[in-house]
Number of protein chains: 2
Amino acid sequence: MRTLSIAEQEDRKRKLLQAIIHQYIKTGKPVGSAFLAEEDKLDLSSATIRNVMAELENEGYLTHPHTSAGREPTDKAYRYYVDTLVELQHLAVMEEQRIRQEYEARIREIEQVLLSTSKTLSVLSHYTGFVVPPKLEETKLRHLQLVPLDDCRVLVVLVSDTGIVKQRVVMFESPCAPDTLSSMSKMLNDYLRGRSFNEVRDSILDHLAAARQRHEDMFDLAHMLASQTFDMIDESSLYLEGAGNILSLPDFQDQEHMSHLIHLLDQRQNLGELLLRELSGPAAEDKWKGVRVKIGSENKLADLKDLSLVSSTYAIGDKKVGILGIIGPKRMEYSRMISLVGHIASTVSGALNKLVGGKS
Amino acid sequence: MRTLSIAEQEDRKRKLLQAIIHQYIKTGKPVGSAFLAEEDKLDLSSATIRNVMAELENEGYLTHPHTSAGREPTDKAYRYYVDTLVELQHLAVMEEQRIRQEYEARIREIEQVLLSTSKTLSVLSHYTGFVVPPKLEETKLRHLQLVPLDDCRVLVVLVSDTGIVKQRVVMFESPCAPDTLSSMSKMLNDYLRGRSFNEVRDSILDHLAAARQRHEDMFDLAHMLASQTFDMIDESSLYLEGAGNILSLPDFQDQEHMSHLIHLLDQRQNLGELLLRELSGPAAEDKWKGVRVKIGSENKLADLKDLSLVSSTYAIGDKKVGILGIIGPKRMEYSRMISLVGHIASTVSGALNKLVGGKS
DNA sequence: GTTAGCACTCTTAATTACTGAGTGCTAATA
DNA sequence: TATTAGCACTCAGTAATTAAGAGTGCTAAC
């Protein structure tokens, strides 16, 4: 038989790897050489395939659960697959429609958009959908409202220009007259409106100090009130839907995986923070409109080591404000997921922009 | 030997049942006659115990997983146990302290109290803690704030007298001047403040109609705005923490139980509604300060059939506003749980009252 | 360079046998 | 008459054995 060029060899190897990953994604079972030999596609005997497989294993793309088992892809293989082999799949028309409906139906509050988004992600992916909501830090204050609850208690309501509302109860040592409150409210609004939350937190003292001469007695109150209010803004939260989708996957039925998952879910609190850190690092290679993929042990978080993340940022105006995506098993239909997440990210961005109205 | 009176027989039988349930709660394994015979407590031979056990089984208090296994309690047995045998256990001093600290540390917003409560319940029970937050229906409106987002969009912020804040974005067909907004705001506040949300929703048309003569053009806007805002109040939500505690219990490791649990957790949305319906029925026999216990199949919800609920209402002022409690396996330490839930319910009520300030 | 063939490995499932916990019953006992 | 000792019996759980099968690695032929 004729000699193959190195390029041809490599090409064949690549095709084989692709076939293996495909198959493994479909079935979740290790794939053997015999099966691939029958899959007409590449016209090779099982023996040849075995040889190539051995090479691939040496190079770190495949593993052996045990001697007499087929091969299964390593994280490195998935990474290669995602980077080079995946072709962006167009979302089925039906799904696109569904997404659109979802958003037209209930775009009212920003919270609802996000909740609804995580659900949509979960339903369409059949895995777990998540949305990390915008952090307040960078957004600007649109309005600050003081609502007296009783003599010594005031509810402070903050509205950001992204339409997010945060509230906090502040207590005074001594009763505070309605008049004082309303002038304080006016003053605070004048000083703070239009500034970013970060800015407010970092330089609020200065601003208030400047006002000190004029309103001596108001100063302490206002300062106390503002500082108590604004130190809450770094709380992060998370929308997470369809955790059961993963839990009930056959791959995760054993004790080991299960406990990792449960551990992960129980920390809902930190999870948002973690995802944010995990995913907002250095800018992704912008191959699929900002969608990025983290596979298995590429995730720092130990509990994620058997899972993959497909994520994307979403934006209000030009500003990336949050992250959304899906969590699924390593063997997932990457191409569909990437296109799903990408599409939803842009839909959400659209919805939020409409909601917030124009550039901030 | 001397003849035992029926009363004595019954007493012995009861003691035995108690011992069996105790043991089963501790170990989760069926208990056999031999074991009970050695437990000095009741001075009987295993044979006698077997006889009594057989009786108890006939009466429906015990079952046999299979011929050669010990007995395990039925739902009926648990019910009996809870109703008659449980003695209110005093919470360990350490736990009480912990609870107090928890609340002093972060009673700021009502939401935080509730979140923190569900966590505390979970941590102290080692099961799953839940809190169904107050519904708005019965609470009264303290303040309504309009925050203009742009020409055609207004953020409506409602503050209830329980300190709960709800917001919604309302869109106008045509631009709306700031002046109109502020007079509308004043008008709405005048009409609506102090009324219950239900009342507002049910009779708002009349009130606004009355105002029609004076402010013809404002009427449509205000009506639209108010009706759009107030139809959101029947959404219910739920705080749920420590689901993993149950998931990782040895009793629930098998496929069957697992899938029930997952199903349950995935419906977080409806779960609040369901718990509310499940638990707010006819008033409980007021045996433990309003704490009630639902065992296994006593719950309507099929997914709860292998679980027990220990719950209590909590109150603001005299008004019962929500429900909290724990979800755990049927074999739980009922006495500790009952006292825990009872104690936390009253602590929460206290915290909320302090937070809201005085009678509403 | 490719392939057929074969020995070898190791998992998985099925079968079998064994152990022991716990019962139910009967006959002896106080 | 209530209790108990004793014993045969049942059945889940475990371990050991076996058998089947999948898949590999290697070698020799093409």
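This is a predicted model, so every value here is computed, not measured. Residue numbers start from 1 in every chain, and the chains themselves are labelled A, B, ... in the order their sequence lines are given, proteins ahead of strands.
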For A:P30 and B:P65, find the nucleotide of DNA chain D closest to each by heavy atoms; which residue's nucleotide sits nearer the 5' end? B:P65

Value in whole Å for how far the P atom of D:dT24 lies from CD of A:E72: 12 Å

Salt bridge B:K13-B:E59, side-chain N to carboxylate O under 4.0 Å: yes

Closest to the side chain of A:L44, out of C:dT23, C:dT3, D:dT4, is C:dT3

What is the distance from CD1 of B:I49 to P of C:dA21, rounded to the nearest Å? 17 Å

Is any N or O donor-acceptor pair between the side chain of B:T67 and the base of D:dC11 shorter than 3.5 Å? no

C:dG5 C1' sits how many Å from A:N51 CG, rounded? 14 Å

Mind calculating the distance between CG (B:N58) and C1' (C:dG24) to the nearest angstrom? 13 Å

Quick one: is A:S68 getting a side-chain N or O under 4.0 Å of the D:dA22 phosphate, OP1 or OP2? no

Starting at atom NE2 of B:H66, determine the distance to atom P of C:dG24, rounded to an integer number of angstrom. 13 Å

Once you round it to whole Å, what is the distance between P of C:dG20 and NZ of B:K29? 18 Å

Ignoring backbone atoms, establish whether A:R71 has a side-chain N or O less than 4.0 Å from OP1 or OP2 of D:dG25. yes

Just how far, in rounded Å, is P of C:dA21 from NE2 of B:H64? 16 Å

Short side-chain N/O contact to C:dA4 OP1/OP2 from A:R50, under 4.0 Å: no

Quick test of your reading of the model: are A:K15 and A:D11 salt-bridged, counting only N-O distances below 4.0 Å? yes

Is the phosphate of C:dT3, meaning OP1 or OP2, less than 4.0 Å from a side-chain N or O of A:T48? yes

Return the 5'-most residue of the pair B:S33, A:S46 with respect to DNA chain C, ranking by each residue's nearest nucleotide. A:S46

Could you check how far CG of A:L62 sits from P of D:dG23, rounded to whole Å? 14 Å

